[in-house]
Trainee: 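Supplied in structure tokens, the structure appears directly below.
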Amino acid sequence: MIDPQILRNDPEVIRESQRRRGEDTQVVDLLVAADIAARDEQRVFDELRNSQKTLSKEIGPLQGQLKKNPSPELQQQVDQLMERASNLAAEVKAAEIKADDKAREVENLWLQVSNLVDLRSPVGGEEDFTLLETVGTPRDFAAEGFEPKDHLTIGQGLKAIDTERGAKVSGSRFYFLTGHGAMLEFALLNLAMAQAQVNGFIPMITPALVLPSAMEGTGFLGQAAENVYRVESDDMYLVGTSEVPLAAYHSDEIIPASQLPLRYAGWSSCFRREAGASGRDTTGIIRVHQFDKVEMFVYCDPADAQAEHERLLQWEKDFINALEIPYRVIDVATGDLGSSAARKFDIEAWIPTQGKYREVTSTSNTTEFQARRLKVRMRDDNGTRPLATLNGTLCAMPRIIVAILENHQNSDGSVNVPAALQPFLGGLTKLTAPATKSAGK
RNA sequence: GGAGGCGUCGCCUAGUCCGGUCUAUGGCGCCGCACUGCUAAUGCGGUUUGGGUUCAUCCCCAUCGCGAGUUCAAAUCUCGCCGCCUCCGCCA
């Protein structure tokens, strides 16, 4: 949620942000009115409640006196007070209901408002991103004299990926990582966590099932809701990223400024329904319902958020650089930001068989948006106030595996292991098809 | 899953049986001031969070795990829920 003071002092700022996102602006007008009404109702309640309390406090001592020396006069006085208080109690109750209703209305309206966009984010839809830089050169397979195979073909050849059995067991967009595939994921996990720790991140293994409050607080029950798995029998959600548990980790807490920034590297399975994506990326493991990911998550002073965002991007680049994968960096357009993000940078890796760059990481500055919803605050000499949260992908397993397999493949179907990864694979320099022992395909 | 106990303003704690004297006690910690060669000690004051109002101070409302109820009045009584602990059962 956005600072309510902005709504009261300059609602046009919020309208403009909504316009840039291509989202509803009428909700802002409704909110302006509802906010005023809610405060009016609250004031009515406060005043009534005050007189009720004042009245009530007179009754106690009088009853004490009455007990000591009963008199009809005193009794009458008490009865009168009781009657007035009784009437007042009914008024108070009515006022409270009104005030609560209005407050809830305001709250619900706020849930429909996305974060204020960073004015540097390019305005427009998915295709209107700004290209920030291109790093590395895609291999010239023609010059090398062979046609590159797609990641699934290579993965199957190496007995590293099994999508057929994934579909048999769990349906489409599920897969097994087997042998080299599984070991590759473990190696990537360890490389990612090693890098994260050097950069001051605390490794975390997080819950993958969360309460509605965590899901809503991070902003995933808005437009993104259709991609979230809900476990109806227990009213819980499967997270699409460990950003959710990591953001909710400090909810309802006040963190001393001296402890900031707090950097966490979360490891969890991620679940996505991919509801709006039927027909897209139907083969292989580029778009799947379940995958594992190392996610960076930072709590920091809002004044440091921009600089931290740059750092997160740099750490993402460091990781892709270490894997020797060509990529480009884009500044995501306003229409393609999640509802919590003010600004977002994506790294897109070169995928040879598609002849294009595909998203492998994403880092968002969510400013105070999630912190306000989740009530995470910081305290320094200037008092208590919301802090900023940021997130960034360090390693989303399937897509990184895709990029490694395709970019480092050899004509014989083997795959070179990037030097940085070799220590985490027991020194292995090349993945080759294993001798057939168990039933493979 | 069953039985019992517990949940108070950073931490510990009084209060809950028997509703009003709670504006929630005291200690520790922390902040400010005073005193003192320095430090320590001592004294005085302050110290939950959110909202409203105000130039500001003041003041007002809510907040004793969460929600509902009883009542003129709830930390205190009733009901539901959540969490933690102990024991039992089951179990990776």
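In what follows, every chain begins at residue 1, and chains take the letters A, B, ... in the order their sequences are listed.
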Trainee: Please determine, for B:rU86, whether a Watson-Crick or G-U wobble partner exists with both distances under 3.5 Å, and give it or none.
Mentor: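 Paired with B:rU86, as far as the under-3.5 Å criterion goes, is B:rA3.
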Trainee: For A:Phe345, which residues count as a ring pair (Phe, Tyr, Trp, His ring centres under 6.0 Å) partner, sequence neighbours excluded?
Mentor: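 Testing A:Phe345 for ring pair (Phe, Tyr, Trp, His ring centres under 6.0 Å), a comparison that skips the adjacent residues, returns A:His309.
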Trainee: When both hydrogen-bonding distances must be under 3.5 Å and the geometry is Watson-Crick or G-U wobble, what is B:rA24 paired with, if anything?
Mentor: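 Its partner is none (no Watson-Crick or G-U wobble pair with both distances under 3.5 Å).
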Trainee: Please state the C1' separation for the pair B:rU8 and B:rA14 - nearest whole angstrom.
Mentor: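 It comes out at 10 Å once rounded to the nearest Å.
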Trainee: To the nearest angstrom, how far is A:Glu253 atom CD from B:rU49 atom C1'?
Mentor: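 Atom CD in A:Glu253 sits about 14 Å away from atom C1' in B:rU49.
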Trainee: What pairs with A:Trp315 under ring pair (Phe, Tyr, Trp, His ring centres under 6.0 Å), at least two apart in sequence or on another chain?
Mentor: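 By the ring pair (Phe, Tyr, Trp, His ring centres under 6.0 Å) rule, A:Trp315 matches A:Phe201.
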Trainee: What's the gap between B:rU53 and B:rC72 when it is taken at their P atoms, as a whole Å value?
Mentor: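 It comes out at 32 Å once rounded to the nearest Å.
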Trainee: Can you pull out the residues from residues 103-116 of chain A that lie within a 4.0 Å heavy-atom distance of RNA chain B?
Mentor: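 Correct list: empty, so none.
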Trainee: Passes side-chain contact (heavy atoms from CB on, under 4.5 Å), A:Tyr229 versus A:Val239? Steps please.
Mentor: CA-CA 8 Å; A:Tyr229 283 104; A:Val239 300; over 6 Å; no
Trainee: Separation of A:Lys102 atom NZ from B:rG52 atom P, in whole Å?
Mentor: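 Taking NZ of A:Lys102 and P of B:rG52, I get 17 Å after rounding.
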Trainee: How would nucleotides 54-73 of chain B be written as a contact map, 5' to 3', with B for base contact, S for sugar-phosphate-only contact and - for no contact, using protein heavy atoms under 4.0 Å?
Mentor: ------SSS-------S-BS
Trainee: Just so I know, are the side chains of A:Lys293 and A:Thr393 near enough to count as touching, which here means a heavy-atom distance under 4.5 Å?
Mentor: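 Result yes, sub-4.5 Å side-chain heavy-atom pair found.
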Trainee: Considering every strand and a 4.0 Å limit on heavy-atom distances, what is the contact class for A:Arg372: base, sugar-phosphate, or nothing?
Mentor: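 Answer is nothing: A:Arg372 stays at 4.0 Å or more from every strand.
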Trainee: Any side-chain N or O of A:Arg43 under 4.0 Å from OP1/OP2 of B:rG51?
Mentor: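 The answer is no; no side-chain N or O of A:Arg43 sits under 4.0 Å from OP1 or OP2.
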Trainee: Taking atom C1' of B:rU49 as reference, at what distance in whole Å does atom CE of A:Met378 sit?
Mentor: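 Distance, rounded to whole Å: 17 Å.
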Trainee: Mind checking the C1' distance from B:rC33 to B:rU86? Whole angstroms is fine.
Mentor: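 Roughly 49 Å separates the two C1' atoms.
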Trainee: In whole Å, measure the gap between the C1' atoms of B:rA3 and B:rU16 for me.
Mentor: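 That atom pair is separated by 24 Å.
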Trainee: Tell me whether A:Arg173 contacts the main-chain N or O of A:Arg287 through its side chain, where contact means a donor paired with an acceptor under 3.5 Å.
Mentor: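 Present.
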Trainee: When all nucleic acid strands are considered with a 4.0 Å heavy-atom cut-off, which category describes A:Arg84: base, sugar-phosphate, or nothing?
Mentor: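 A:Arg84: no heavy atom of the nucleic acid under 4.0 Å.
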Trainee: Table please: side-chain donor-acceptor pairs of residues 177-192 of chain A below 3.5 Å, with sequence neighbours left out.
Mentor:
| unit_1 | atom_1 | unit_2 | atom_2 | d |
| --- | --- | --- | --- | --- |
| A:Thr178 | OG1 | A:Lys159 | O | 2.7 |
| A:His180 | NE2 | A:Thr432 | O | 2.9 |
| A:Asn190 | ND2 | A:Phe186 | O | 3.0 |

Trainee: Which base sits across from B:rG32 as a Watson-Crick or G-U pair, both distances under 3.5 Å?
Mentor: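 B:rC44 - that is the nucleotide pairing with B:rG32, both distances being under 3.5 Å.
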Trainee: Expressed in whole Å, how much space separates the C1' atoms belonging to B:rC85 and B:rU76?
Mentor: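 24 Å, rounded to whole Å.
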Trainee: Under a 3.5 Å cut-off for both distances, is B:rC81 Watson-Crick or wobble paired, and to whom?
Mentor: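 Here B:rC81 is engaged in a pair, and the nucleotide opposite it is B:rG65.
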Trainee: With both distances kept under 3.5 Å, what pairs with B:rA74, Watson-Crick or G-U wobble?
Mentor: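 Checking every strand shown, B:rA74 finds no partner, since no pair has both distances under 3.5 Å.
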Trainee: Within the structure shown, what part of the strands sits under 4.0 Å from A:Leu88 by heavy-atom distance: base, sugar-phosphate, or nothing?
Mentor: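 Nothing: the residue A:Leu88, judged by heavy atoms under 4.0 Å, touches no strand.
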Trainee: Got a sec, which pairs hit side chain to side chain donor-acceptor pair (under 3.5 Å) with one end in residues 244-257 of chain A, sequence neighbours left out?
Mentor: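 Residue pairs passing side chain to side chain donor-acceptor pair (under 3.5 Å), neighbours aside: A:His250-A:Glu253, A:His250-A:Tyr264.
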Trainee: Check the phosphate of B:rG52 against A:Arg8, side-chain N and O only, distance under 4.0 Å to OP1 or OP2. Yes or no?
Mentor: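 For A:Arg8, the contact criterion (side-chain N or O under 4.0 Å from OP1 or OP2 of B:rG52) is met.
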Trainee: Do A:Asn115 and A:Ser339 come close enough that some side-chain heavy atom pair is under 4.5 Å?
Mentor: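 A side-chain contact is absent here, since even the closest heavy-atom pair is not under 4.5 Å.
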Trainee: According to the side chain to side chain donor-acceptor pair (under 3.5 Å) rule, which pairs have a member within residues 30-42 of chain A, sequence neighbours left out?
Mentor: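 Qualifying pairs, neighbours excluded: A:Arg8-A:Asp35, A:Asp35-A:Arg39, A:Asp40-A:Arg43, A:Gln42-A:Asp46.
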Trainee: Could you work out, with side chain to side chain contact (heavy atoms under 4.5 Å, CB included) as the rule, every residue matching A:Ala433, not counting sequence neighbours?
Mentor: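 A:Ala433 satisfies side chain to side chain contact (heavy atoms under 4.5 Å, CB included) with no residue once adjacent residues are dropped.
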Trainee: So what's B:rC59 paired with, Watson-Crick or G-U wobble, going by both distances under 3.5 Å?
Mentor: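 Result: B:rG52.
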Trainee: Tell me, please, which residues at least two apart from A:Phe45 pass ring pair (Phe, Tyr, Trp, His ring centres under 6.0 Å).
Mentor: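 A:Phe45 satisfies ring pair (Phe, Tyr, Trp, His ring centres under 6.0 Å) with no residue once adjacent residues are dropped.
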Trainee: Hey, could you give me the CG/CG distance between A:Asp29 and A:Leu31, rounded to the nearest 0.5 Å?
Mentor: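 Between A:Asp29 CG and A:Leu31 CG, I get 9.5 Å after rounding to 0.5 Å.
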Trainee: I'd like a table of atom pairs between the protein and nucleotides 76-85 of chain B - only N or O on both sides, under 3.5 Å - with the distance next to each one.
Mentor:
none

Trainee: Would you please name every residue forming a side chain to side chain contact (heavy atoms under 4.5 Å, CB included) with A:Met236, sequence neighbours left out?
Mentor: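 Residues passing side chain to side chain contact (heavy atoms under 4.5 Å, CB included) with A:Met236: A:Leu209, A:Leu211, A:Asp234.
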Trainee: Taking a pair as Watson-Crick or G-U wobble with both distances under 3.5 Å, which nucleotide is matched to B:rC18?
Mentor: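 Here B:rC18 is not engaged in any pair, so there is no nucleotide opposite it.
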Trainee: Pick the C1' atom in B:rC79 and in B:rU71, then give their distance to the nearest Å.
Mentor: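 Pairwise C1' distance, B:rC79 against B:rU71, rounds to 16 Å.
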Trainee: Looking only at atom P, what distance separates B:rU63 and B:rC6, rounded to whole Å?
Mentor: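 The same atom, P, in both gives a distance of 24 Å.
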Trainee: What is the distance, to the nearest angstrom, from the CE atom on A:Met1 to the C1' atom on B:rG50?
Mentor: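 Interatomic distance, CE of A:Met1 to C1' of B:rG50: 12 Å.
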Trainee: Not counting sequence neighbours, which residues clear ring pair (Phe, Tyr, Trp, His ring centres under 6.0 Å) with A:His289? List them please.
Mentor: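 Expected list: A:Phe174.
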Trainee: Using Watson-Crick or G-U wobble geometry with both distances below 3.5 Å, tell me the partner of B:rA92, or none.
Mentor: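 Partner of B:rA92: none found under 3.5 Å.
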Trainee: Please measure how far the C1' atom in B:rU54 lies from the corresponding atom in B:rC59, and state the result in whole Å.
Mentor: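 One C1' to the other, the span is 9 Å.
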Trainee: Within less than 4.0 Å of OP1 or OP2 of B:rG10, is there a side-chain N or O belonging to A:Arg379?
Mentor: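 So the side-chain polar atoms of A:Arg379 never come under 4.0 Å of the phosphate oxygens OP1 or OP2 of B:rG10.
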